[in-house]
Amino acid sequence: MRVLHRFFLPSLLLLTTTFAIAQQNSSDIDSKVDALLKQMTLEEKAGQLTQLAGKTPESLQAIREGKVGSLLGVLGADNANEAQRAAVEHSRLKIPLILGFDVIHGYRTVFPVPIASTGSFDMPLLEQAERVAAKEATASGVKWVFAPMLDIARDPRWGRIVEGIGEDPYLGSRVAAAKVRGFQGKSIADPDSVVACAKHYVAYGAAEGGRDYNTVDISEQLLREIYLPPFKGAVDAGIGTFMSSFQDLNGIPGVANHHTLTDILRDEWKFNGFVVSDWGAVHELLAHGFATDDADAAAKSIKAGVDMDMVDNAFEHIPELVRSGKLPESVVDEAVRRVLRVKFEAGLFEHPYADPKREKTDILTPENLQVARKLAQESMVLLQNKSEVLPLAKTKTVAVIGPLADDKASQLGPWAGNGQAIDAVSPLEGIVGKIGKEHVLYAKGVGIPSFEGGLGAGVASPAPPSATGVKGIANTNKPSSIDDAVAAANKADVVVLFLGELAGMTGEASSRASLDFPGDQLKLANAVLATKKPVVLVVESGRPLDIRWATYHTQAILQAWFPGVQAGNAIANILFGDASPSGRLAISWPRTLGEIPIYYNHRATGRPSSPDRWHTGYLDLPNTALFPFGFGLTYSKFSYSHLAVKTPTIAPDGSLEVTADVENTGSREATEVVQLYVHDRVGLTSRPVRELKGFERVTLRPGERKTVDFSVKANDLGSYDPQMHWVVNSGTYDVWVAPDSASGVAGTFEVK
Ligand code: GLC
């Protein structure tokens, strides 16, 4: 096998006309930036690089003194405008603030959590959802969102797996681009566009033991092939900002990592936005044992490539660092230029204020809710449907049981933006709305004890008891009991059992050492199963849980994740057949905790997994995921056939062209996510057994067949050689067109 060509990573082909216009605008902006920079004192420069939390008397005073360039967490047009006036009307140079907030999966119209919506594989819909988020956020005075979160994760113990884009770099890079387009729109200067922020740069999801904030030690090749591509996708889509990560990468904390922040992000990728540190991460260099004091930490982070300091105010040491010769003023000036450039490009100098009227017209509109419902429906994953128990007939008597069935706050998941639990449609409400309360029996059964009693980061406070529950449904707010649940089950034709995690058990600082259902949920499940009634399990969680028991004892399993503000309506539409499930797993589903980490794009090893014991795997467990990456059932059946490799041999600057026939062989219209995988059989390094390189959502009526075609540039089949050059290996490759990462129709092709 010979290396054929050394290519650089695929760079975005810019249309010359667009480039010329962009160049002309940017030179205008550059001259404005330089003119402003010349007037700034060292203190004012440090101020532009400082972000504080919230609008307080102290932060307003600091703004007036030119010591603040950004606030985070200021919500509401009036609040935003008050803070902005302190800068624009009362500071010496009148430089507008950029106001930031965590809009991770919606602002007030809360969408499914990102690990779920990534599984929709629906890029146009993801873009539309972030357009809605941007419209609502800007109506509320927010101009910068700390999203998309682009951390690849392979370990469900890590609480933040819920916020990310799953385990695959190709899917992650596509989602990144779609979300950036949605947030930033045609221009970040548009009044309903926000500046997006790729976070947490980089490899935060590889934390050892799945423990949040923990050490990451990975090879340069793994960094470049798995963890960086989603961030490159964001840069190629024109993202305005980045956020550095808390954790150390190979001993160097993300906030002071010159290799990632400058060598890669600036020198290789030519990113020209600005980088903000994560909350207090500059000061945390002391705890990392990487800096002696805040002044040392400030110097190390700004020299590495961080431009703005989030809330620990360590950059107030910049003037003295410059005056004492420890920090070149040119480094400070470059950071200030980057921040000012984004503020100019975002139109903040011309339009610094929010329009309070928009808060009444643009937020939580029926159109926005319709997008949330559609995305929630496309994000749920049907994992099992024995004897096609789903969809349920609307005439059945249904026992709705479980602690999450009427928990409005948990429907929104963690990092719920400005979401309010009161807005959420609970599963119970959705089901009653769908089939009428005369067909519904309800019993909570058990509660879920939250581990530390508090709410996780960004979790909406529970709705007041008066607002929960459904009128006319017995014991909605009565203390729960398993006996009640059993009684309800015995009177019903079918049980829909809602089990899982509280929203506060996932997200930041929410890693778990178990994949169990917390509390007495399995006790409830066993009691309900003992009634011998058919059980449909609906799991609401931020991570895969151990559901081996359910694969044996329940008829159907629907992974609903945290579906957002339209949860109940989306779940009811799926359960009763008014929508067909099409969601797929964006992460491999482990059989149990002991299998972690498990992911589909693994190397073969010298003893590929086999029933024979002398191969990689376990004595006491199959060496495969319970459900593979890309897996998900629909209410129909699809066949894959006639894979045709149109280009049996391709040159390294050519493209792979593949087609295959997909047919709906079932009895209902449904949507299939057709996936393309390749495998480089022999490389300069051992290559993953499969790599996703394409996908297409295909909706077919019963009996309808479609020839799906894929085209992949040979350069996109490349990999890094041991010297970290991007190469396209010659030789034989496998290719599959498939419903998931473990099956499909196969073929081969050559790269010569
Ligand atoms: C948090 C998170 C980050 C978030 C920031 C501001 O600690 O790590 O994702 O954007 O602080 O809330």
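In this chain, residues are counted from 1 in sequence order.
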(request) Sequence neighbours left out, what passes side-chain contact (heavy atoms from CB on, under 4.5 Å) with Ser719? Give chain and number order. (result) Glu225, Arg687, Val727, Asn729

Please set out all donor-acceptor pairs under 3.5 angstrom arising from side-chain atoms of residues 178-185, sequence neighbours excluded.
| from | atom 1 | to | atom 2 | distance (Å) |
| --- | --- | --- | --- | --- |
| Arg181 | NE | Glu127 | OE1 | 2.9 |
| Gln184 | OE1 | Ala196 | N | 3.0 |
| Gln184 | OE1 | Gly240 | N | 3.0 |
| Gln184 | NE2 | Gly238 | O | 2.9 |

(message) Checking Trp736 now: which residues fulfil ring-ring contact (aromatic ring centres under 6.0 Å, His included) with it, not counting sequence neighbours?
(response) none

(request) Please answer whether the main-chain N or O of Asp716 pairs with a side-chain N or O of Lys693 as donor and acceptor at a distance below 3.5 Å. (result) yes

(request) Kindly write out the residues that satisfy side-chain contact (heavy atoms from CB on, under 4.5 Å) with Pro590, not counting sequence neighbours, or none if the list is empty. (result) Pro156, Leu515, Pro544, Glu595, Ile596, Ile598

(request) Verify, without hydrogens or angle tests, whether Gln384 (side chain) and Thr554 (backbone) share a donor-acceptor contact under 3.5 angstrom. (result) yes

(message) If the condition is salt bridge (charged side-chain N to carboxylate O under 4.0 Å, His left out), which residues does Glu378 pass it with, not counting sequence neighbours?
(response) Lys374, Arg697

(request) Quick one: closest heavy-atom pair of Val728 and Val751, and the distance? (result) CG1-CG1, 4.0 Å

(message) Looking at Glu657, is its backbone amide N or carbonyl O close enough to the side chain of Ser711 to form a donor-acceptor pair, meaning the two atoms are under 3.5 Å apart?
(response) no

(request) Could you tell me whether Glu672 and Lys706 have a side-chain N and a carboxylate O separated by less than 4.0 Å? (result) no

(message) Checking Glu663 now: which residues fulfil side chain to side chain donor-acceptor pair (under 3.5 Å) with it, not counting sequence neighbours?
(response) Arg705

(message) Go through it in stages, so that I can follow the logic: the residues are Glu167 and Ser588, the test is side-chain hydrogen bond (donor to acceptor under 3.5 Å, both in side chains), and I'd like the CA-CA distance, side-chain angles, deciding distance and then a yes or no.
(response) CA-CA 8 Å; Glu167 72 189 40; Ser588 304; 2.7 Å; yes

(message) Using every non-hydrogen atom in the two residues, find where Phe627 and Leu383 come nearest and quote the distance to one decimal.
(response) CE2-O, 3.4 Å

(request) Say whether Asn257 and Tyr201, considering side chains only, have a donor N or O and an acceptor N or O under 3.5 Å apart. (result) no

(request) Quick one: closest heavy-atom pair of Arg584 and Phe121, and the distance? (result) CB-CE1, 3.5 Å

(request) Test Phe629 against every option in Tyr600, Tyr599, Phe695 by the ring-ring contact (aromatic ring centres under 6.0 Å, His included) rule and name the one that passes. (result) Tyr600

(request) Mind checking the CD1-CD1 spacing from Ile165 to Ile115? Nearest 0.5 Å is all I need. (result) 8.0 Å

(message) Does Tyr720 form a side chain to side chain contact (heavy atoms under 4.5 Å, CB included) with Thr685? I'd like the steps, not just the answer.
(response) CA-CA 8 Å; Tyr720 284 93; Thr685 57; over 6 Å; no

(request) Give the minimum heavy-atom separation between Val745 and Ala660, together with the two atoms involved. (result) CG2-CB, 4.3 Å

(message) For Lys386, I'd like to know if atom NZ has over 12 heavy atoms of other residues, nucleotides or ligands within 6.0 Å.
(response) yes

(message) Quick check: closest heavy atoms across Ser655 and Ile650, and the distance to 0.1 Å?
(response) O-CG2, 3.2 Å

(message) The criterion is side chain to side chain donor-acceptor pair (under 3.5 Å); which residues satisfy it with Arg681, sequence neighbours excluded?
(response) Asp734

(request) Using the test side chain to side chain donor-acceptor pair (under 3.5 Å), find all partners of Asp263 that sit at least two apart in sequence or belong to another chain. (result) His258, His259

(request) Verify side chain to side chain contact (heavy atoms under 4.5 Å, CB included) between Val539 and Leu537, making sure each step is shown before the conclusion. (result) CA-CA 6 Å; Val539 180; Leu537 174 66; 3.7 Å; yes

(request) Check ring-ring contact (aromatic ring centres under 6.0 Å, His included) between Tyr227 and all other residues, then give those that pass, not counting sequence neighbours. (result) none

(request) May I have the step-by-step check of ring-ring contact (aromatic ring centres under 6.0 Å, His included) for Trp158 and Tyr204, ending in yes or no? (result) CA-CA 10 Å; Trp158 189 51; Tyr204 182 25; 5.0 Å; yes

(request) Could you tell me whether a side-chain N or O of Asn601 sits under 3.5 Å from a main-chain N or O of Pro688, the two making a donor and an acceptor? (result) no

(request) Verify whether one side chain among Trp726 and Asn715 offers a donor that lies under 3.5 Å from an acceptor in the other. (result) yes

(request) With sequence neighbours left out, write down each residue that passes side-chain contact (heavy atoms from CB on, under 4.5 Å) with Arg701, or none if nothing qualifies. (result) Glu669, Glu704

(message) In terms of relative ring orientation, are Phe242 and Phe271 parallel, tilted or perpendicular, with 30° and 60° separating the classes?
(response) tilted

(request) Answer yes or no: is there a donor N or O on one side and an acceptor on the other, between the side chain of Arg373 and the main chain of Asn573, under 3.5 Å? (result) no

(message) Side chains of Asn623 and Ser609 only: does a donor on one sit below 3.5 Å from an acceptor on the other?
(response) yes

(request) Please examine the side chains of Thr665 and Phe638, heavy atoms only from C-beta on, and report whether any two atoms are closer than 4.5 Å. (result) no

(message) What I want to check is whether the side chains of Thr624 and Arg591 have a donor and an acceptor closer together than 3.5 Å.
(response) yes

(message) For Tyr733, is there any backbone N or O sitting under 3.5 Å from a side-chain donor or acceptor partner on His679?
(response) no

(request) Verify, without hydrogens or angle tests, whether Asn385 (side chain) and Val389 (backbone) share a donor-acceptor contact under 3.5 angstrom. (result) yes

(request) Answer yes when Glu268 and Arg224 have at least one side-chain N-carboxylate O distance shorter than 4.0 Å, and no when they do not. (result) yes

(request) First locate atom OG1 of Thr118, then atom CG of Asp168, and finally report the distance between them rounded to the nearest 0.5 Å. (result) 10.5 Å

(message) Among residues at least two apart in sequence or on other chains, which ones pass side chain to side chain donor-acceptor pair (under 3.5 Å) with Ser743?
(response) Asp740

(message) Testing the basics here: between Ile161 and Ala153, what is the closest heavy-atom pair and its distance to 0.1 Å?
(response) CG1-CB, 3.6 Å

(message) Looking at Ser636 and Arg668, would you say the former's side chain and the latter's main chain have a donor-acceptor pair under 3.5 Å?
(response) yes

(request) Compute whether any side-chain donor of one residue and acceptor of the other, for Gln675 and Ser741, lie under 3.5 angstrom apart. (result) no

(message) Between Arg548 and Tyr552, do the side chains contain a donor N or O and an acceptor N or O under 3.5 Å apart?
(response) no

(message) Which residues pass the salt bridge (charged side-chain N to carboxylate O under 4.0 Å, His left out) test with Arg543, not counting sequence neighbours?
(response) Glu501

(message) Please report the interatomic distance CD(Gln723) to CD(Gln221), rounded to the nearest 0.5 Å.
(response) 11.0 Å

(request) Apply side-chain hydrogen bond (donor to acceptor under 3.5 Å, both in side chains) to the pair Thr671 and Ser582, showing each step before the final yes or no. (result) CA-CA 6 Å; Thr671 298; Ser582 61; 5.4 Å; no

(request) I would like to know whether Ile547 and Trp589 meet side chain to side chain contact (heavy atoms under 4.5 Å, CB included); could you show each step before the answer? (result) CA-CA 10 Å; Ile547 56 171; Trp589 194 287; 3.6 Å; yes

(message) Whether the Thr732 and Glu750 side chains hold a donor-acceptor pair (N or O, under 3.5 Å, no angle test) is what I'd like checked.
(response) yes

(message) Apply side chain to side chain contact (heavy atoms under 4.5 Å, CB included) to residues Val678 and Leu656 and explain how you reach the verdict.
(response) CA-CA 10 Å; Val678 301; Leu656 167 67; 4.3 Å; yes

